[in-house]
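First the proteins, then the strands, lettered A, B, ... as listed; each starts at 1.
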Amino acid sequence: MNRAPRDLLAAVYLTFGRCAERHEVGSELVVGGATVGASIAEAAGVSKQTVARMNDELGDLGDVAVALKRRQVTLAKPKPLTVRRVLETLRAIASEKGAGSAGRKKDRVLGLMRAAREGEIRWLTRTLIRNMRIGANKISVLHALASAAETHHSRRDGNASEGEAKLGVTPAMAAVQRAYSLCPSVDVLVPALVEGGVPNAVRSCTMRPFTPVKPMLASITAGAADAVTRIVCKREEDEESGKTFLVEYKYDGVRAQIHVAPSDGGGDDWAVKIFSRNCEDRTAAFPDVANIVLEGAKGGSGMVVDPHTGRGGGGLILDAEVVGIDRSTGRLRAFQDLASRPRGGVNEAELAARTAVDVVVFAFDLVLELARSAEVDAPTVREPNALGSDDDDRYDDRLLPAIETVRAFMLESLDAACEGVMLKRLDGDKSRYSPSKRSDCWLKLKKDYCENLRDSLDLVPIGAWFGQGRKAGWYSPFLLAVYDPETETYQSMCRCMSGFTDEFYRTRRENFGKPPSLVESGVKPPVYDTLEQPDVWFNPTEVWEIRGADLTLSPKHRAAAGARHEERGISLRFPRFIRVRDDKNVEDASGPEEVARLFDAQQSRYDGQGESATRRLAEQAALDAEAEKDEGDSDEDDDGGDREAVLDGDEEER
DNA sequence: CTTGCCTGCCC
DNA sequence: ATTCTGC
DNA sequence: GCAGAATGGGCAGGCAAG
């Protein structure tokens, strides 16, 4: 900040590992491990296979690049790389398009590789593949900026002696972090910091239409009791409040932060932008959503009215979930269907022509409402419909009805093809929208978090890859399969890398490294059915319990292949390891029939046949026999299908 | 023209 | 997304 | 309690290779 303020902006972009903010369209490099690996190979004059082999061993392409650089004799010292030149090159890479662009991207990467010195090439490689592995991320950079700005401005203003107007470093860090989550734009933040320090940055980085806010996130829970207890009982500084909370369906769609405001031209025109959970501009992917919102803006229905002027509000930021829906039946559709929509470059008519999935918008929060004030930090909820009173101290007993209500509501949500429910605090400071925070204000409760609702599978590890980074030297991920006793084959179901302790990895590398478990020839056993090609194959010797969220039709996994889809097998979403089943032989592992049965139970929810989850399996046989009599009320298409219940918790704490 | 690889992004 | 680990 | 790291299934889009 002192020495090279003009380079600071570029330096911050580089530490973020990007050439522009995420919401800038076209800011992606579209360069990955394959391109970078090829460039490293070319720069060092070795084959791509050599680079790949070294990568298997070292587990880090950056380390491979360094090792190869060391071997080289440099004839002419390359011109040193500068921060600004690297950023310019990244931007040039991002803007390459069309035929031959892959080659031109690679050439630019190659240029950087050649110019990089030994100390730079690891950083450069990791930046290009966006995997820094340095134990620090954006937040650390923001904190460093805050600290530097504090020091810099204290000194410049001549009151280094415990500046009175100064914030102090720790509050400054928090302030900058918060400022950036309200207005995640380096272009706004950095010049403001340089010019007027942290207070100036805080003034500049306010929530505004058409700049995405870092979305608020929810914490995971261990079941309905845990969720209710946490949402009600931990209220340290909120003694006054904290008696009510909201429960709502957790829809399985995509997060959409919808911005609506008068367009720049003024007049009565409104503009809409839609941002993803990661603050990408996805407006082009949802022309139908944009139209729904614009219609609302025109008609005024549901829009904010300024009580003083009586006019429509100056703009809104809504937080919402966009979910696929079958308009002919009113049923929600699976996430996998929603994902198959085109992602841009189509208008609404083209979307329809491509038989895209229709969507509903469930708006669940009002993040900013300009009619009220440009500075609101959004108390976002409607008035709670509190039930009962809170004169009793014994919250444990009093929570039981609430837990039961939540549990029942969750079963209902599952029948409605949702993932579970969300619990949100309704009052007190903690109920405010907290950008980018994952805290106990919002809790998510999904089926697979609940002991008695989840099912797991017993799968056989049949192969693995060599881990990267902190898992270098270990097998990760593993390839897991079901066993089909009919054909005596193993059909792959998923890879898995979650749920293993470091200790587990250590022992597995030893155990699987020795015969008889490792297939020494390295050739895929003929009884293995998979489109995957792991680095090593294992003989089938163990059974592992694996949990997941739901089942998907897979293009590369083969469990129950052909049973529920002409070609595809069935796979598992969000797989994680639970434990080794020492008590089972591989012949006792889950099989294709079990997988197909679970898949049917899941499908029944989308067909509107989902009975309460606890009874669903028992009724499956009856369902099969039953003739297909479908009907049912189609839920209204639009918004408004949102179900919610307000429960009364109890305060206190302990 | 079709297929398949790579990348980025959703969860 | 989920999970484990280290601070 | 939080940040950081590794990496899951699976889709579209864009380009290269056949």
S.K.: Specify the residue among Pro575(A) and Ser219(A) whose closest nucleotide of DNA chain D lies further upstream toward the 5′ end.
M.R.: Ser219(A)
S.K.: Tell me whether the count of non-hydrogen atoms from other residues, nucleotides or ligands lying under 6.0 Å of NZ in Lys105(A) goes above 12.
M.R.: yes
S.K.: Can you tell which of dG10(D), dG4(D), dG8(B) lies closest to the side chain of Gln336(A)?
M.R.: dG10(D)
S.K.: Looking at Arg438(A), I'd like to know whether one of its side-chain N or O atoms comes within less than 4.0 Å of OP1 or OP2 on dC2(D).
M.R.: no
S.K.: Would you call Arg495(A) and Glu532(A) a salt bridge, using N to O less than 4.0 angstrom?
M.R.: yes
S.K.: Would you say Lys444(A) reaches dT2(C)'s phosphate, i.e. side-chain N/O to OP1/OP2 under 4.0 Å?
M.R.: yes
S.K.: Take the protein atom CG of Leu217(A) and the nucleotide atom C1' of dG1(D), then report the distance between them rounded to whole Å.
M.R.: 15 Å
S.K.: With sequence neighbours left out, what residues match Glu21(A) under salt bridge (Lys or Arg N to Asp or Glu O under 4.0 Å)?
M.R.: none
S.K.: Mind checking if Gly548(A) touches a base, just sugar-phosphate, or nothing, with heavy atoms under 4.0 Å?
M.R.: nothing
S.K.: Does the side chain of Lys424(A) come within less than 4.5 Å of Phe364(A)'s, by heavy atoms?
M.R.: yes
S.K.: Nearest heavy atom decides the nucleotide; on that basis, is Ala339(A) or Cys496(A) closer to the 5' end of DNA chain D?
M.R.: Cys496(A)
S.K.: Provide, to the nearest angstrom, the distance between the CD1 atom belonging to Ile570(A) and the C1' atom belonging to dG8(D).
M.R.: 18 Å
S.K.: Rounded to whole angstrom units, what separation is found between the NZ atom of Lys447(A) and the P atom of dT2(C)?
M.R.: 14 Å
S.K.: Are any of Ser140(A)'s side-chain N or O atoms less than 4.0 Å away from OP1 or OP2 of dG4(D)?
M.R.: yes
S.K.: Between Lys106(A) and Glu42(A), does any side-chain N to carboxylate O distance fall below 4.0 Å?
M.R.: yes
S.K.: Going by an N to O cut-off under 4.0 Å, is there a salt bridge joining Arg573(A) and Asp252(A)?
M.R.: yes
S.K.: Counting only side-chain heavy atoms from C-beta out, which of dA6(D), dC11(D), dC10(B) sits nearest to Ser340(A)?
M.R.: dC11(D)
S.K.: Show me the pairs that pass salt bridge (charged side-chain N to carboxylate O under 4.0 Å, His left out) and involve residues 338-357 of chain A, at least two apart or across chains.
M.R.: Asp288(A)-Arg341(A)
S.K.: Touch check for Gly253(A), heavy atoms < 4.0 angstrom, all strands: base, sugar-phosphate only, or nothing?
M.R.: sugar-phosphate
S.K.: If you check the Lys471(A) side chain, which of dT7(B), dA6(D), dC10(B) turns out closest?
M.R.: dA6(D)
S.K.: Within less than 4.0 Å of OP1 or OP2 of dC10(B), is there a side-chain N or O belonging to Arg341(A)?
M.R.: no
S.K.: What is the distance from CD1 of Ile134(A) to P of dG4(D), rounded to the nearest Å?
M.R.: 9 Å
S.K.: Leu572(A) versus Thr552(A): any side-chain heavy-atom pair under 4.5 Å?
M.R.: no
S.K.: Between Arg130(A) and dG8(B), is there a contact of a side-chain N or O with OP1 or OP2 at under 4.0 Å?
M.R.: yes
S.K.: Taking the minimum atom-to-atom distance to the side chain of Arg354(A), which one of dC9(B), dG13(D), dT7(D) wins?
M.R.: dG13(D)
S.K.: Counting side-chain heavy atoms from C-beta on, which of dG8(B), dG8(D), dA6(D) comes nearest to Asn131(A)?
M.R.: dA6(D)
S.K.: By a strict heavy-atom criterion of less than 4.0 Å, which residues belonging to residues 89-111 of chain A are in contact with DNA chain C?
M.R.: none
S.K.: Got a list of protein N/O to nucleotides 3-5 of chain C N/O distances below 3.5 Å?
M.R.:
unit_1 : atom_1 : unit_2    : atom_2 : d
dT3(C) : OP1    : Arg576(A) : NE     : 2.8
dT3(C) : O4'    : Ser498(A) : OG     : 2.8
dT5(C) : OP1    : Asp502(A) : N      : 3.0

S.K.: Send over the distance from Lys437(A) NZ to dG1(D) P, rounded to a whole Å.
M.R.: 15 Å
S.K.: Given dC6(B), dC10(B), dG9(D), identify the nucleotide with an atom nearest to the side chain of Cys494(A).
M.R.: dG9(D)
S.K.: Taking the six-membered ring for Trp and the full ring for Phe, Tyr or His, determine whether the centres of Trp544(A) and Phe504(A) are under 6.0 Å apart.
M.R.: yes
S.K.: Taking OP1 and OP2 of dC10(B), is either one under 4.0 Å from a side-chain nitrogen or oxygen of Asn278(A)?
M.R.: yes
S.K.: Counting side-chain heavy atoms from CB outward, which of dT2(C), dG8(D), dA3(D) is closest to Lys446(A)?
M.R.: dT2(C)
S.K.: Side chains of Tyr475(A) and Phe500(A): does their closest heavy-atom pair fall under 4.5 Å?
M.R.: no
S.K.: May I have the distance from Ile274(A) (atom CD1) to dC9(B) (atom P), rounded to whole angstrom?
M.R.: 17 Å
S.K.: Tell me, do Asp448(A) and Leu453(A) make a side-chain contact under 4.5 Å, heavy atoms counted?
M.R.: no
S.K.: Look at Arg126(A) and dA5(D) and indicate whether a side-chain polar atom (N or O) is within less than 4.0 Å of OP1 or OP2.
M.R.: no
S.K.: Taking the basic N atoms (NZ, or NE/NH1/NH2) and the acidic carboxylate oxygens, is any pair closer than 4.0 Å for Asp600(A) and Arg564(A)?
M.R.: yes
S.K.: Would you indicate whether the side-chain heavy atoms of Phe538(A) and Val536(A) approach each other to under 4.5 Å?
M.R.: yes
S.K.: Which one, dC11(D), dC10(B), dG4(D), comes nearest to the side chain of Arg343(A)?
M.R.: dC11(D)
S.K.: Rounded to the nearest Å, what distance is computed from the CZ atom of residue Phe16(A) to the P atom of nucleotide dG4(D)?
M.R.: 11 Å
S.K.: Over how many whole Å does the gap from His565(A) atom NE2 to dC11(D) atom C1' extend?
M.R.: 14 Å
S.K.: Picking from dC6(B), dC11(D), dC11(B), which would you name as closest to the side chain of Thr35(A)?
M.R.: dC6(B)
S.K.: In chain order, what residues pass the side chain to side chain donor-acceptor pair (under 3.5 Å) check against Asp502(A), with sequence neighbours excluded?
M.R.: Arg470(A)
S.K.: What residues in residues 550-561 of chain A put a non-hydrogen atom under 4.0 Å from any atom of DNA chain D?
M.R.: Thr552(A), Leu553(A), Ser554(A), Pro555(A), Lys556(A), His557(A)
